[in-house]
Amino acid sequence: MVCLGNICRSPLAHGILENKLQDSNYLIDSAGTASYHIGELPDHRSIKVAKANGIDITSQRARQFKTSDFDVFDRIYAMDESNLDNLKTLARDENDLNKLRLFMDANPNSAYNYVPDPYYGDFSGFEEVFNLVDETCNIIARDLSKQD
Ligand code: 4NP
């Protein structure tokens, strides 16, 4: 799960999907395309909205996406088009490119085609992101379970 700072959206996607797949053998992680917040806890508003929904994301620390992540993960979900474009520039070959997805493409019936950046807004934006990511992770989790 990849966003810009790895402190707002992708830590929620990481925690939510991990929570839904906890009895499975999936390695789920998140990263940012930018380096601004490396080593930091998720944003306090992401921590709060996750906690209100029974998910603890306080063991996460922000990191920056690195090329070797293409060797570790089968699916790499970008929260928006700009982060997807950044990831495409890091891809080394067709195999890497084929791992890249726009997260909201998993949820074609949603009114949203990307996860809006809540960083500069108020708490309601984090609740909106939580609901959007939760709904989309239900679809991703269902899709992954079909492959098991
Ligand atoms: P995120 O949100 O990409 O969902 O983690 C942001 C976090 C920090 C910044 C922008 C977006 N920033 O500009 O520092």
Side-chain angles (χ1 to χ4, degrees), residues 1-22 24 26-92 95-144:
M1 299 299 185
V2 181
C3 62
L4 180 64
N6 192 210
I7 56 168
C8 299
R9 293 166 290 178
S10 59
L12 284 173
H14 172 180
I16 290 169
L17 190 62
E18 205 163 56
N19 188 254
K20 293 185 193 298
L21 294 174
Q22 51 192 308
S24 315
Y26 289 103
L27 172 64
I28 299 156
D29 201 359
S30 62
T33 55
S35 59
Y36 321 132
H37 298 281
I38 291 174
E40 292 179 21
L41 273 165
D43 186 282
H44 64 97
R45 297 162 294 179
S46 285
I47 292 175
K48 182 177 166 184
V49 76
K51 190 175 177 202
N53 288 278
I55 299 173
D56 180 7
I57 59 169
T58 59
S59 62
Q60 294 187 35
R61 296 294 179 273
R63 70 179 186 91
Q64 188 173 24
F65 185 87
K66 49 187 188 295
T67 309
S68 58
D69 284 318
F70 283 112
D71 300 323
V72 179
F73 298 97
D74 298 317
R75 296 184 182 193
I76 297 163
Y77 290 97
M79 294 294 121
D80 61 34
E81 202 74 60
S82 143
N83 287 299
L84 182 63
D85 286 346
N86 284 332
L87 290 169
K88 282 180 185 167
T89 68
L90 298 173
R92 299 158 297 185
N95 191 40
D96 289 354
L97 280 173
N98 286 338
K99 296 185 172 187
L100 295 175
R101 289 142 201 251
L102 190 60
F103 179 75
M104 287 307 296
D105 279 355
N107 188 358
N109 293 327
S110 171
Y112 293 81
N113 49 23
Y114 65 93
V115 182
D117 181 354
Y119 186 62
Y120 293 105
D122 61 20
F123 187 65
S124 66
F126 285 76
E127 294 176 308
E128 177 188 37
V129 165
F130 185 94
N131 291 331
L132 199 53
V133 169
D134 186 55
E135 182 184 292
T136 306
C137 282
N138 277 332
I139 299 171
I140 293 171
R142 212 179 307 135
D143 179 49
L144 287 171

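Both counts, for ligands and for their atoms, begin at 1 and track the order of listing.
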Quick check: does any side chain N or O of Gln22 sit under 3.5 Å from a backbone N or O of Asn19, one acting as donor and the other as acceptor?
-> yes
Give a yes or no on whether the backbone of Tyr119 and the side-chain of Arg45 come within a donor-acceptor separation of less than 3.5 Å.
->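 Yes: the side chain of Arg45 pairs with the backbone of Tyr119.
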Under the side chain to side chain contact (heavy atoms under 4.5 Å, CB included) test, which residues partner Asn138, sequence neighbours left out?
->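 With sequence neighbours excluded, Asn138 shows a side chain to side chain contact (heavy atoms under 4.5 Å, CB included) to Lys20, Asp134, Arg142, given in chain and number order.
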Under a 3.5 Å threshold, I'd like every N/O contact between ligand 1 and protein atoms, with atom names and distance.
residue	atom	partner	partner atom	Å
ligand 1	2 (O)	Asp117	OD1	3.4
ligand 1	3 (O)	Leu4	N	2.9
ligand 1	3 (O)	Gly5	N	2.9
ligand 1	3 (O)	Arg9	NH2	3.0
ligand 1	4 (O)	Arg9	N	2.9
ligand 1	4 (O)	Arg9	NE	2.8
ligand 1	5 (O)	Gly5	N	3.4
ligand 1	5 (O)	Asn6	N	3.3
ligand 1	5 (O)	Ile7	N	3.0
ligand 1	5 (O)	Cys8	N	2.9
ligand 1	13 (O)	Tyr120	OH	3.3
ligand 1	14 (O)	His37	NE2	2.8

Worked check of salt bridge (Lys or Arg N to Asp or Glu O under 4.0 Å) between Arg9 and Asp80 | CA-CA 10 Å; Arg9 293 166 290 178; Asp80 61 34; 2.9 Å; yes
Have a look at Arg75 and tell me which of Asp69, Asp29, Asp143 forms a salt bridge (Lys or Arg N to Asp or Glu O under 4.0 Å) with it.
->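 Checked Asp69, Asp29, Asp143 against Arg75; only one passes salt bridge (Lys or Arg N to Asp or Glu O under 4.0 Å): Asp143.
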Does a side-chain N-to-carboxylate-O contact under 4.0 Å join Arg101 and Asp105?
->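 No, this pair does not count.
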